[in-house]
Amino acid sequence: MSERRQLRAWLGLLLAVGCVPLEPQGEAPESQKAPLLRKLPAFRDDFERAELGPDWLATSPAWKLEGGKLCARGARNHPAWLKHKLPLNARIAFTATSASPEGDLKVELWGDGQGFAKGTSYDDATSYLFIYGGWQNRLHVLARLDEHGKDRIAVPVDPESQELHNSKVVAGRPYRFVIERRDGKTVQWWIDGHELAKLQDPNPLTGEGHEHLGFNDWDVPVCFDALEIVPLEP
């Protein structure tokens, strides 16, 4: 079997079990690793197992796997962090569902992989925060380090709107989040294919302390599923 066919067979086996590491295992030279990371999903998790497992750090016992999803209620801004590091430029996609009419779907990206709110206000984050239907389903927010920060992008929710960029989160409805950074500084966020917010950060969160994904929750019951991370070339 050729080297290329062996590589494809190895990747297919990893995808079949639903959890692919960000970095290929073994001592393959960088010249062999780079094409794989550029062209194929570097990480995928469908949560189809009994325990969260060693790829994740849950900073609250509220995080559990339920019915093939990662779920929490009352985590109080104590995220479940993915231990694998995010690439500088990446596309992150996942499905999020709230069981509450208060919405409040939250994820943080390019954070430190271990932090959590020390008080009732999450003004000490290490990441970009994406909140869909926050504050009792009144705001969609993209924030940097502080979810209440003056520099956040906040889209007011119109209770009568049918447009995803400003409508309320519907309880029980799954939403597909897609978030990208392509140039090391511009973060874009889509919900079900509709662009919600774009942040051009003059002082982007990069390097040590800004390399991880965390699913988050305040009080309402939420679930996350079908996570995919793909490195992107600038």
Side-chain angles (χ1 to χ4, degrees), residues 22 43 52 55-63 70-94 96 98 102-155 157 169 175 177-181 184-191 196-224 227 229:
L22 276 171
F43 185 89
L52 191 52
D55 287 329
W56 294 87
L57 171 66
T59 63
S60 166
W63 292 101
L70 174 59
C71 302
R73 180 173 188 168
R76 298 282 168 147
N77 283 328
H78 283 60
W81 289 105
L82 179 64
K83 292 182 180 179
H84 295 289
K85 293 181 179 180
L86 294 174
L88 171 65
N89 296 306
R91 176 186 301 116
I92 298 98
F94 58 88
S98 173
E102 293 188 3
D104 206 21
L105 297 169
K106 181 183 297 190
V107 66
E108 48 187 300
L109 296 177
W110 290 287
D112 69 358
Q114 58 186 353
F116 50 85
K118 305 305 188 295
T120 56
S121 179
Y122 201 12
D123 56 6
D124 52 357
T126 61
S127 59
Y128 298 106
L129 297 149
F130 305 80
I131 308 167
Y132 194 53
W135 292 269
Q136 291 78 50
N137 226 343
R138 294 198 298 265
L139 292 173
H140 305 321
V141 167
L142 168 51
R144 180 185 183 279
L145 303 177
D146 179 358
E147 66 182 16
H148 299 274
K150 294 181 180 180
D151 59 347
R152 72 181 184 175
I153 298 172
V155 180
V157 167
V169 172
Y175 293 89
F177 283 54
V178 176
I179 299 162
E180 290 186 358
R181 182 165 66 181
K185 60 183 178 181
T186 304
V187 179
Q188 292 179 269
W189 176 21
W190 294 266
I191 296 286
L196 188 64
K198 180 177 181 179
L199 172 65
Q200 293 181 315
D201 189 352
N203 187 24
L205 305 180
T206 62
E208 186 175 356
H210 303 294
E211 299 174 294
H212 294 272
L213 169 151
F215 288 121
N216 213 334
D217 171 62
W218 175 245
D219 191 48
V220 305
V222 297
C223 290
F224 301 93
L227 170 64
I229 300 171

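Just so we're clear, the structure is a prediction, and the values are computed from it rather than from any experiment.
- Closest approach of Ala75 and Ser60 over heavy atoms only: CA-OG, 4.0 Å.
- Summarising the geometry of Val187 relative to Leu142, their closest heavy-atom pair is O-CD2, 4.4 Å, with the distance given to 0.1 Å.
- Annotation for Val157 and Leu139: closest pair CG2-N, 3.7 Å, computed over non-hydrogen atoms.
- The line from OG of Ser121 to CG of Asp146 is 6.0 Å long, rounded to the nearest 0.5 Å.
- Shown are His78, Glu108, Lys106; of these, the side-chain hydrogen bond (donor to acceptor under 3.5 Å, both in side chains) with Asn216 is made only by Glu108.
- Using a 4.0 Å cut-off between charged side-chain N and carboxylate O, Asp219 and Arg76 make a salt bridge.
- The aromatic rings of Phe177 and Phe94 lie parallel to each other, with less than 30° between the two planes, well short of the 60° mark.
- In this structure a side-chain-to-backbone donor-acceptor pair under 3.5 Å is present from Trp110 to Pro87.
- Between the CH2 atom in Trp135 and the CG atom in Asp104 there is a gap of 7.5 Å [rounded to 0.5 Å].
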- Message: Applying side chain to side chain contact (heavy atoms under 4.5 Å, CB included) to Ile92 and Trp189, what does each step give before you reach the verdict?
- Response: CA-CA 10 Å; Ile92 298 98; Trp189 176 21; over 6 Å; no
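- The two residues Pro204 and Gly184 make their nearest non-hydrogen contact at CB-O, 3.2 Å.
- Note: His84 NE2 to His212 NE2 = 10.5 Å, rounded to the nearest 0.5 Å.
- Looking at His210, its side chain does come within 3.5 Å of a backbone N or O of Thr126 through a donor-acceptor pair.
- Side-chain N or O atoms of Lys118 include one that pairs as donor or acceptor with a backbone N or O of Phe116 at under 3.5 Å.
- Glu211 CD to Leu88 CG: the interatomic distance, rounded to the nearest 0.5 Å, is 9.5 Å.
- In this structure, Leu145 and Leu129 approach most closely via the heavy-atom pair C-CD1, 4.4 Å.
- Residues Ile229 and Leu82 are in side-chain contact: their nearest non-hydrogen atoms beyond the backbone lie under 4.5 Å apart.
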- Query: Checking side chain to side chain contact (heavy atoms under 4.5 Å, CB included) for the pair Lys83/Asp55: CA distance, chi angles, key distance, verdict?
  - Reply: CA-CA 5 Å; Lys83 292 182 180 179; Asp55 287 329; 5.6 Å; no
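- In this structure Asn203 satisfies the side chain to side chain contact (heavy atoms under 4.5 Å, CB included) test together with Arg144, Asp201, sequence neighbours excluded.
- Applying the 6.0 Å contact sphere to CZ of Arg152 captures more than 12 heavy atoms from other residues, nucleotides or ligands.
- Between Leu105 atom CG and Phe215 atom CZ the span is 11.0 Å, to the nearest 0.5 Å.
- Asp217 places no side-chain N or O within 3.5 Å of a backbone atom of Val222 that could act as its donor or acceptor partner.
- Using cut-offs of 30° and 60° on the angle between ring planes, the pair Trp63 and Phe224 is tilted.
- Within the 3.5 Å criterion, the main-chain N or O of Leu205 finds a donor-acceptor partner in the side chain of Tyr128.
- How far OH of Tyr132 is from CD1 of Ile191: 5.5 Å, rounded to the nearest 0.5 Å.
- The two residues Trp81 and Thr59 have their closest heavy-atom pair at CD1-CG2, 3.8 Å.
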